[in-house]
There are 2 protein chains.
Amino acid sequence: MLGADGSMKQEIEKLWEEARELSLGTTATAVERLPSPPTPLEFLRRFVSANKPCLISAATLHWPATTLWSSDVHLRRALSSATVSLHLTPTGRADALAPHPSAAQCFASAHVEPMPFPLALDAIYSSDLDSKFVAYAQQQNDCFRSEYAAIGGDCEPHIEWASEALGCLPEAVNLWIGNQLSETSFHKDHYENLYAVVAGEKHFLLLPPTDVHRMYIRNYPAAHYYYSKDTGEFKLELENPVRYVPWCSVNPYPSRENREKEMSKFPLYFDGPKPFEVTVKAGEILYLPSMWFHHVRQSPDSRGRTIAINYWYDMQFDIKYAYFNFLQSISHPSSHDMELHETGCLGTSICSSGDEPDINVVADKNGVSDEE
Amino acid sequence: MLGADGSMKQEIEKLWEEARELSLGTTATAVERLPSPPTPLEFLRRFVSANKPCLISAATLHWPATTLWSSDVHLRRALSSATVSLHLTPTGRADALAPHPSAAQCFASAHVEPMPFPLALDAIYSSDLDSKFVAYAQQQNDCFRSEYAAIGGDCEPHIEWASEALGCLPEAVNLWIGNQLSETSFHKDHYENLYAVVAGEKHFLLLPPTDVHRMYIRNYPAAHYYYSKDTGEFKLELENPVRYVPWCSVNPYPSRENREKEMSKFPLYFDGPKPFEVTVKAGEILYLPSMWFHHVRQSPDSRGRTIAINYWYDMQFDIKYAYFNFLQSISHPSSHDMELHETGCLGTSICSSGDEPDINVVADKNGVSDEE
C-alpha cells in the first residue's frame, strides 16, 4: 500500500518519466519541430489536447515586421510619439527572486518607467554590465495592442490557425524588446502561449506541469525596485502590508560560486530529468502549452536587440487542470528539505499554507497580478 | 503538510469535485446535449481534449439502418447465411463479477456460441426471466465489419466528424443486439468511443477517470460460463492456470436484500457524487471519452430488441493518461476497507499488487483480452 513517503516519492518520479515516455520523448530534450504552421485540427489534436509544445518554422515570414523591424528606422518613426512602459532592474532579472536586505529572498518586480519609445530604445541599447540599470521594454497587459498600437499592422493581430483551433481570439498580445541581459525566471502561465520571435533569439527551458515538485514553489513576499535618477541607484522595498507571491525557487543557471549550494538545495530539479531546451529564432513560433514551467534567456541580433511578440489565448480549465491541482496538493517528501536548510528564508511552502492563491487574483498571467 | 491518510482522502475527494466544477457541471448529472453533430474542431476542442462526454441528437438519421432495421425482415434476409457470435449467460450479466462455487467472486465471461444469425435472433427474443439463458449478440472484435459485413452498408463505416477530429479511422466497429436482460458492468476502455443506438434505448451511468478510487478496482480470477444444450444448465469454471483480471467491484443496482451490505462495502461510490446518467435513444450518439467508467443497461423497442453500434477510435496516451496512472497508484485510505471485510474474496487490490496489467494484454478494450 502506498502513501508512505518512500512510495509517494517513487510514484511522483514515475509520473515525470511517464509524461515524457508517452508523448514528449525521452531520447532528446528537444521539442518537436514543424516545418510550417499546422492545420487547426492538427495543432489542437497533437499539441493543445496533449499539452505538448512544438516549434514552428517559417511561421511569420509573411509579417511586414520581418522586414520593417530589421532596422530601427521604421520603429522610431512610427512610435515617435508613443509612451511605452520600460522595466528597469539592476541586473536584468525582474519578476524573479532577489535577496532582500532583511537577508531573505523576496519576489522582486521591476521599476516601471513610462517614457517615449525612442528614449526607451536608447536605454535598452545602453544597458550593459557597466550601466546603472538594465532596461527591458515589456508590459504584460496586452501592450502590443495599446502602447504599440501604431505598429499593430506590422504583425498579425492573431495567429489564424491557433485562433481557429482554440475557438477564440487572443486575450492579450505582448511585445518584448530587450537585450541579452534580460531574463525571465521559471514560472508558469494560465494561458496557451504562441511565442513569435522577430529579431534575435529566445532560449527557453521547459518543464511539463507534471514536474511541479521540481520547481520548489514557495510563497515569497512581493517587493519592488525603485530607481532614482538623481542617485542612479535602486532601492528594493517590500510591499506593506506584506503580500505573498507563489514562485519557483529554482535558478537553473546559478553562478559558479553558488552552484554547489543551489544543487544541494534543489536536488529534484538538478538531479531529475533534464528540461526541454528550445531556441526560437526570428521567423519561428513556439507553442508553449498552458501550465508548462518556462525560463527564458535571449540573444540579440546584430544590432543588439531581441524582439518578440507573444499571444496569450485563454486555456481550458478541464480535467488536466484538476489533475494538476491534485498533484500540486501532494507533498513530495524531499521537496521540503529546502525549508529545513534555509533558516533565513521568508518563503513558505504553498503546500503547507494549504491553498494556492486564486489564479485570477495573484497568479494570473505571469503569476503576478500587479503587472496587469 | 499532506501525505497522511486524512489529508490524502481530502485531496482525492476535492479532485472528484473539481473535475465536475471545472467542466462537467455540478448542478445536474446529465451530460451536455448537442442538437446536431459538432464540427470536428468543436468536437476535439470542447469534448475530446477536455475528456468530457456529450450526447448528440439527430446524429444517424441519414443511415439506411434507421429504416431498414425497423423490422427484422431485412436483417434476417441479409444475414441469412451469416454466422455470428451469440453470448449466453444465466442472468444477462457477462464480463461481470459473479459468485463462484468456491464462495468467492470471480470475473465471469459468457459462453460464446457461433450460430446462424436468424437462430441467434430467435434466441434473443426467447430470452426472458423464465428461459434457460439470456442471449446477447455481441463480440467486441470489430464484429460489425466481419460477422455482420453483409449489412455493413446500412450504417456509416465511420463517424465522419469524429474521424476528422481524431485523425484516424475506427480501430473497431461493434454491433450489439440484445434485450432488457443484458447489462454491462462498470469498466473503462482505452478507446474514444462513439456509441450509436439504432433501436431501443441504452442507459449509461458514467464516472470520470478522476473517480477511479470509487470503483474499487481489484483483481478477480477469470472464469467462463459453459452452457450445455443437453442439460440446459451453465457451469462456471475458473481458468486454469488462474489469471487475474482487474475489474470494478461496484454494482450500482444491488438487489434489495444486498443493498445495505453493498452500500457499506463501497461507501466511496454510494456516498460520493452521483454518476452522470444518460439515456441514448435511437438516432442519437453518445461520445464516451476514453478512460471513463461506464455501466450500461438497455430497454428494447416495441419488437423487443435493443440494437446499437459503437466505434472505437484509438485514444492518445498523453499527459492525461500519465496523470490517471499516477492517481491510480495512490491509495485512497478508505478504499481498502473492502478487503478487510471481505475475507472470502479472492480479489486483490491492484494497488497492493503494484502494477496494473499491461493494457495491451489484459485490459485492452473492455479490459478482457480473450474477447478479441
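In what follows, chains carry the letters A, B, and so on, assigned in the order in which the sequence lines appear, proteins first and then strands, with residues in each chain numbered from 1. All of these numbers come straight from a predicted model, not from anything done at the bench. Below, each value reflects all heavy atoms present in this structure, side chains not excepted, and no hydrogens, waters or symmetry copies.
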Ignoring hydrogens, what is the shortest heavy-atom contact between [X] and [Y]? Give both atom names and the distance.
X        : Y        : value
A:Leu15  : B:Tyr323 : CD1-N, 4.0 Å
A:Lys320 : B:Lys320 : CG-CG, 3.6 Å
A:Leu22  : B:Asp318 : CD1-O, 3.5 Å

Residue part contacting chain A, namely of [X], when any heavy atom lies under 4.5 Å:
X        : result
B:Ile12  : both
B:Glu42  : neither
B:Phe326 : side chain

**Request:** Considering only heavy atoms and a distance below 4.5 Å, find which of B:Asn51, B:Leu166, B:Val48 pairs most often with chain A.
**Result:**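 Of the options given, most contacts go to B:Leu166.
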**Request:** Using a 4.5 Å cut-off on heavy atoms from C-beta on, say whether the side chain of B:Met8 contacts that of A:Ile330.
**Result:**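 Result yes, sub-4.5 Å side-chain heavy-atom pair found.
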**Asked** Do the side chains of A:Glu164 and B:Leu41 get nearer than 4.5 Å, heavy atoms only?
**Response**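 In contact.
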**Asked** Of the listed residues (A:Ala19, A:Gly167, A:Ser49, A:Ala50), which shares the most heavy-atom pairs with chain B below a 4.5 Å separation?
**Response**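 Ranked by heavy-atom pairs under 4.5 Å with chain B, first place is A:Ser49.
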**Message:** Can a donor-acceptor pair be found, under 3.5 Å and without considering hydrogens, that links the side chain of A:Gln316 to the backbone of B:Arg45?
**Reply:**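 Yes; at least one donor-acceptor contact below 3.5 Å.
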**Prompt:** Once you round to the nearest 0.5 Å, how far does CZ of B:Phe317 lie from CD of A:Glu18?
**Reply:**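 Atom-to-atom, B:Phe317:CZ and A:Glu18:CD are 10.0 Å apart.
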